[in-house]
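Comments concern the structure below.
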Amino acid sequence: MSAIESQLADDELAASWGDEISDGFIPLIDMEELQGPRRSEIVQQIGHACQHYSFFLVKNYGISETNMNNILGTTSEFFKLPEQEKLKFCTNDPNKSIKLFMGFKDEIQNVFIARESLRFSTYPFEDYVNEWPANPPSLRKDVMEYCTSVKRVEFALLEAMSGSLGLEKDYIDKMLYNHGQKISMNYYPICQEQDLEFTRGVRPHTDPTIITILLQDNVPGFKVLNNGKWVDVGHIPNTLVVHVGDLLQVISNYRYKSLHHQVFLNCERERVSVASYCYPSSNTTIGPAMELIDNDHPAIYRNFTYTEFYEEMWRAVVQHATDKRLDTFKSSVA
C-alpha cells in the first residue's frame, strides 16, 4: 500500500467512528463491541486513536450513570467543605498516599493555577480506604464503587492497547505487575471574565501514567492539543475520556505519544472532574517492548524502574520542567 493509500485508509477509518471537531475528529469507541465479533476492528480503532490523537472517548463501558453522578456529586460536596476540613489533607510529603493540592501562583508563566485537587491511592482498597476523607459521609462508598467499575474498564483497555501494538493482550498487564490506581477529584472555581487572561484551571501538561481515564461534568474547559491547535473536548453524556500517558509512550517506543492537555475556567459555572490514573508497582521495570524494536525502530528509551521515574517526576515538578521528565530515560541511540 502506498503512503497516499495508507493515509486515505486512515482517514476513512477515522471518519467511520469519530465526531468531527474543528480540525480533526474526536474518536469515539464503543467498548461493548470489544466483547463481540468486531473486536479486532475496535482494537484497530483504539490503536489508530492512540497513534494519531493520543486520546479517545469511550461509550458502553459498563459504569452506571448513577455511579458516575454519585462520584461527581461527592467531589463537589468535598470541595464545599469548610477550609479547615479540607486542609487536613495538605502536605508537602511526596510519599503520602493522599494529598490536597490548592490553587497557586505560577511565577514563571505569571498565571494563577486555580484548580483544587484531592489525589489519593485507591487500589488495593483495603490498603488505603481508612486514609480517605470520612466527610462527606458518602465519599468512601462512592469512591469504592466508582473505582471498582473504572478498574474493569482499565483492564479491558490495556488488553486492547496491547493487541493494537501487535503484542500479547496481557503484555502491559504483566509488565505492570499488580499495578495500582490513583484518582484525582478536581474542582475548578468560577473565574471572573477580566481575570481569565491570567488564570488557568491547569497548565498544559502530560500525565505520568500508563493511561488516564477522565470523567468530566457538563461544564466545558478540557482542551487537547490536536494538529498543533488546542481543541475543546466538550461533555458528551455517558462517555469517558481516555488518554495516553508518559509510560505508555515509553512502552510503545514512541508510537503512542502522551497527550498534551489543559483546562480553562468558566465564567458562569464551577467545574468538577474525576481522573483515574493507571500506574505500575514501584519495582516494575518500564521500557520499550522488545517486539517494537528493530533496525528501523531503535529503542527511544532505556529501561528504568517506576521508582526511578517517580523520583524524576517530582524533581521535574520542583524544577518546573515536567515536559522534560522523560528526557533522563532516553536511550543513547535516540
Side-chain angles (χ1 to χ4, degrees), residues 17-32 49 53-81 101 103 113-119 136 138-139 141-143 145-147 149-150 153-154 157 183-193 195-196 199-205 207 211-226 229-243 259-277:
W17 49 275
D19 291 335
E20 193 167 2
I21 54 178
S22 57
D23 289 292
F25 292 88
I26 295 181
L28 179 59
I29 306 292
D30 187 344
M31 287 195 64
E32 195 170 52
Y53 302 98
S54 300
F55 85 105
F56 51 92
L57 306 188
V58 292
K59 64 179 181 179
N60 296 330
Y61 39 77
I63 304 178
S64 72
E65 190 171 356
T66 298
N67 196 334
M68 294 187 294
N69 287 338
N70 285 346
I71 190 68
L72 288 173
T74 293
T75 299
S76 182
E77 284 184 55
F78 175 82
F79 288 104
K80 285 181 169 59
L81 291 174
F101 298 87
I113 308 304
R115 179 182 70 165
E116 297 180 23
S117 175
L118 182 69
R119 190 171 304 172
S138 64
L139 186 143
K141 174 178 175 290
D142 292 339
V143 167
E145 288 180 353
Y146 178 73
C147 288
S149 297
V150 84
V153 177
E154 175 190 300
L157 288 170
I183 68 165
S184 177
M185 300 168 68
N186 306 308
Y187 168 77
Y188 302 91
I190 294 172
C191 181
Q192 299 299 316
E193 189 169 0
D195 298 328
L196 281 176
T199 310
R200 293 287 182 274
V202 176
R203 293 166 294 184
H205 67 287
D207 284 356
I211 59 172
T212 298
I213 301 175
L214 176 67
L215 170 64
Q216 53 179 345
D217 67 9
N218 61 359
V219 179
F222 184 68
K223 294 177 180 286
V224 302
L225 194 61
N226 178 265
K229 297 182 179 180
W230 288 103
V231 176
D232 289 299
V233 180
H235 174 260
I236 298 177
N238 298 313
T239 64
L240 298 170
V241 181
V242 180
H243 61 82
L259 178 71
H260 282 80
H261 56 288
Q262 62 178 316
V263 177
F264 280 69
L265 299 176
N266 193 278
C267 296
E268 299 176 353
R269 291 186 291 168
E270 302 167 335
R271 182 179 186 275
V272 295
S273 68
V274 178
S276 174
Y277 304 122

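- Considering only heavy atoms from C-beta on, L259 stays 4.5 Å or farther from Y53 through its side chain.
- Applying the side-chain contact (heavy atoms from CB on, under 4.5 Å) rule to L225 yields the partners W230, H260; only residues at least two apart in sequence or on another chain are considered.
- Here K141 pairs with E145 under the salt bridge (Lys or Arg N to Asp or Glu O under 4.0 Å) rule; sequence neighbours left out.
- Scanning both residues, Q216 and V233, for their nearest heavy atoms gives NE2-O, 3.3 Å.
- The two residues P220 and R271 have their closest heavy-atom pair at O-CD, 3.8 Å.
- Once rounded to the nearest 0.5 Å, the distance linking CG of N186 with CG of D217 reads 10.5 Å.
- For residues 58-78, the set of pairs meeting the salt bridge (Lys or Arg N to Asp or Glu O under 4.0 Å) definition, not counting sequence neighbours, is empty.
- Smallest separation of non-hydrogen atoms from L265 and P189: CD2-O, 3.8 Å.
- For D142, the side-chain hydrogen bond (donor to acceptor under 3.5 Å, both in side chains) partners at least two apart in sequence or on another chain are T74, S138.
- Between I183 and C147, the shortest heavy-atom contact is CG2-SG, 3.5 Å.
- Considering CG of L139 and CG of L81, their distance stands at 9.0 Å, rounded to 0.5 Å.
- Residues meeting the side-chain hydrogen bond (donor to acceptor under 3.5 Å, both in side chains) test with S54, sequence neighbours left out: none.
- In this structure, Q192 and T199 have side chains that are not in contact, with every pair of non-hydrogen atoms separated by 4.5 Å or more.
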Working note: V272 + F78, criterion side-chain contact (heavy atoms from CB on, under 4.5 Å); need CA distance, chi angles, decisive distance, verdict.
CA-CA 11 Å; V272 295; F78 175 82; over 6 Å; no

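- Residue F79 holds its CZ atom at 9.0 Å from CZ of R115, rounded to the nearest 0.5 Å.
- The shortest non-hydrogen separation linking K223 to D232 is NZ-OD1, 2.7 Å.
- The nearest pair of heavy atoms linking S273 to Y188 is OG-CE1, 3.9 Å.
- Rounding to the nearest 0.5 angstrom, the gap separating the CG atom in N69 from the OH atom in Y146 is 11.5 Å.
- To the nearest 0.5 Å, atoms CD (Q262) and CZ (R203) are separated by 11.0 Å.
- Among residues two or more places apart in sequence or in another chain, the side-chain contact (heavy atoms from CB on, under 4.5 Å) test is passed with S149 by I63, N67, R152.
- Residues meeting the side-chain contact (heavy atoms from CB on, under 4.5 Å) test with E268, sequence neighbours left out: N266.
- If you take CG on N238 and CG on N60, they are separated by 8.5 Å, rounding to the nearest 0.5 Å.
- You'll find the side chain of F101 stays beyond 4.5 Å of the side chain of E116, heavy atoms only.
- By the side-chain hydrogen bond (donor to acceptor under 3.5 Å, both in side chains) test, Y187 is found to be paired with E270, residues two or more places apart in sequence or in another chain being considered.
- Partners of Y277 according to the side-chain contact (heavy atoms from CB on, under 4.5 Å) rule, which considers only residues two or more places apart in sequence or in another chain, are R119, K182, S184, D207, T209, T212, A275.
- Under the rule for a side-chain hydrogen bond (donor to acceptor under 3.5 Å, both in side chains), T239 has no partner lying at least two apart in sequence or in another chain.
- With sequence neighbours excluded, the residues that form a ring-ring contact (aromatic ring centres under 6.0 Å, His included) with H243 are H261.
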